[in-house]
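Structure, as structure tokens:
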Amino acid sequence: MRKTILAAVMMIGLVSVNAQTVLVRNKPVDLSPVVKWLEHREGERPMPHWKVIELDKVLAKEWGGYRVSASVDGTNYHGTIVIQNIPATLLKVIAMDDATLKAMADLEARIAALERQKAALERQKELTVRELNNAYEITLAQLQANEDATAELRIAYSNHERTLGFTSQARKSKLLAYFTGQKVGQSEVWDCGLGAKVLTHD
């Protein structure tokens with residue numbers, strides 16, 4: 001059923017992609033010059049600030065878009081980026097995974113909290129002397145419990161990741177987007193513009 005829906009929405013998105021016009025800050029931007037250039041890649045590339053983003057994984061819903069791992073113009077981007085205004089055809093597919101993505105984001109937050117707790121316990125262990133009050137042994141036990149809990153959360157995260165339909169069925173989708181100059185943490189924010197479509201070129 002999921003594959004049927006994916007095929008249908010992707011076919012809708014392929015219609016008239018070469019005539020792609022998007023809205024950026026409520027102003028229309030005609031992307032057809034760069035879309036046509038990408039078909040043959042001859043001559044000087046127009047609109048060089050619009051890059052081809054190839055999605056690898058959708059990781060979480062974030063900051064009005066989605067945090068993803070992706071390549072930018074064929075170069076692997078080290079880390080993640082946030083993509084805003086993903087084409088509607090892909091959003092329909094991603095929406096099927098929103099509950100899973102939310103659960104994964106929650107697990108990421110819990111893992112991060114446990115890692116901070118582990119760092120504090122490690123510092124405490126360094127300062128703790130083996131005494132009759134068993135403080136050192138208690139700290140070791142807490143560290144082991146922390147490690148066990150973190151391992152369980154990582155397994156749960158991996159299990160969720162395997163259920164993502166987008167990852168297996170719509171990965172490697174290519175989009176045009178520009179860097180907004182903003183960041184969320186370490187992740188750059190990129191925007192496809194309202195009304196964007198998936199690219200059809202190879």
Side-chain angles (χ1 to χ4, degrees), residues 1-14 17 20 22 38 49-116 149-202:
M1 178 64 176
R2 185 188 284 268
K3 289 183 178 179
T4 302
I5 295 173
L6 174 62
V9 297
M10 292 301 286
M11 284 303 296
I12 293 170
L14 299 185
V17 70
Q20 188 169 164
V22 299
L38 287 167
H49 58 291
W50 284 85
K51 308 294 187 184
V52 176
I53 309 295
E54 184 174 331
L55 302 185
D56 183 34
K57 289 183 181 179
V58 177
L59 303 171
K61 205 168 187 175
E62 190 167 355
W63 222 62
Y66 287 85
R67 180 161 47 86
V68 304
S69 60
S71 66
V72 179
D73 266 3
T75 302
N76 288 333
Y77 187 91
H78 298 290
T80 60
I81 61 176
V82 172
I83 296 283
Q84 296 178 327
N85 293 311
I86 288 176
T89 50
L90 285 185
L91 284 179
K92 290 178 183 178
V93 179
I94 295 171
M96 301 175 193
D97 294 322
D98 269 353
T100 302
L101 290 169
K102 183 180 184 304
M104 289 170 67
D106 291 342
L107 287 168
E108 283 183 347
R110 291 168 64 188
I111 290 170
L114 283 172
E115 288 176 343
R116 290 192 296 271
T150 301
E152 288 182 9
L153 291 177
R154 291 192 187 282
I155 290 170
Y157 185 93
S158 296
N159 289 339
H160 279 305
E161 194 171 32
R162 282 195 290 272
T163 69
L164 284 175
F166 181 90
T167 299
S168 61
Q169 294 180 35
R171 63 182 305 190
K172 303 304 180 186
S173 295
K174 295 181 180 180
L175 321 168
L176 277 174
Y178 71 95
F179 176 44
T180 65
Q182 298 175 305
K183 284 188 174 183
V184 181
Q186 297 299 312
S187 300
E188 294 181 353
V189 178
W190 290 69
D191 190 356
C192 296
L194 286 170
K197 297 181 180 68
V198 178
L199 292 174
T200 59
H201 71 282
D202 294 327

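What you see below is based on every heavy atom in this structure, not just the backbone, and it leaves out hydrogens, waters and symmetry mates. When a residue number appears, it is its place in the shown sequence, counting from 1. Keep in mind that this is a model prediction, so the values were computed, not measured.
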Side chain to side chain contact (heavy atoms under 4.5 Å, CB included) partners for Ala196, two or more places apart
Gln20, Val22, Pro87, Cys192
Trace of the side chain to side chain contact (heavy atoms under 4.5 Å, CB included) decision for Lys51 with Val72
CA-CA 6 Å; Lys51 308 294 187 184; Val72 179; 3.8 Å; yes
Only counting residues at least two apart or in another chain, list the ones meeting salt bridge (Lys or Arg N to Asp or Glu O under 4.0 Å) with Glu115.
Arg154
Please give me the minimum heavy-atom distance between Phe179 and Trp190, naming the atom from each residue.
N-CE3, 3.3 Å
Distance (rounded to the nearest 0.5 Å) between Leu59 CG and Thr80 OG1:
6.5 Å
So, using side chain to side chain contact (heavy atoms under 4.5 Å, CB included) as the criterion, who are the partners of Ile155 when residues are at least two apart?
Asn159
Enter the distance from Trp50:CH2 to Asp73:CG here, rounded to the nearest 0.5 Å.
13.0 Å
Working to the nearest 0.5 angstrom, can you tell me the gap between Ile86 CD1 and Leu91 CG?
5.5 Å
Looking at Gln84 and Gly64, what are the two nearest heavy atoms and their distance?
CG-O, 4.1 Å
With the side chain counted from C-beta on, respond yes when Val52 and Leu176 share a heavy-atom pair under 4.5 Å apart, and no when they do not.
yes
Any idea which heavy atoms bring Thr163 and Thr100 closest together, and the distance?
OG1-CG2, 3.6 Å
Measure the spacing between CG of Asn85 and CG of Asp191 and express it to the nearest 0.5 Å.
4.5 Å
Return the set of residues passing side chain to side chain contact (heavy atoms under 4.5 Å, CB included) with Ser69 (not counting sequence neighbours), or none when no residue passes.
Asp56, Lys57
How close do Val198 and Lys174 get, counting heavy atoms only, and between which atoms?
CG1-O, 3.6 Å
For Ser187 and Ile81, which heavy atoms make the closest approach, and how far apart are they?
CB-CA, 4.2 Å
Please output the side-chain donor-acceptor pairs of residues 105-112 that fall under 3.5 Å, not counting sequence neighbours, one pair per line with the distance.
residue, atom, partner, partner atom, Å
Asp106, OD2, Lys102, NZ, 3.3
Glu108, OE1, Arg67, NH2, 2.7
Glu108, OE2, Tyr157, OH, 3.1

For the student: nearest non-hydrogen atoms of Tyr66 and Val58, plus distance
CD2-CG1, 3.7 Å
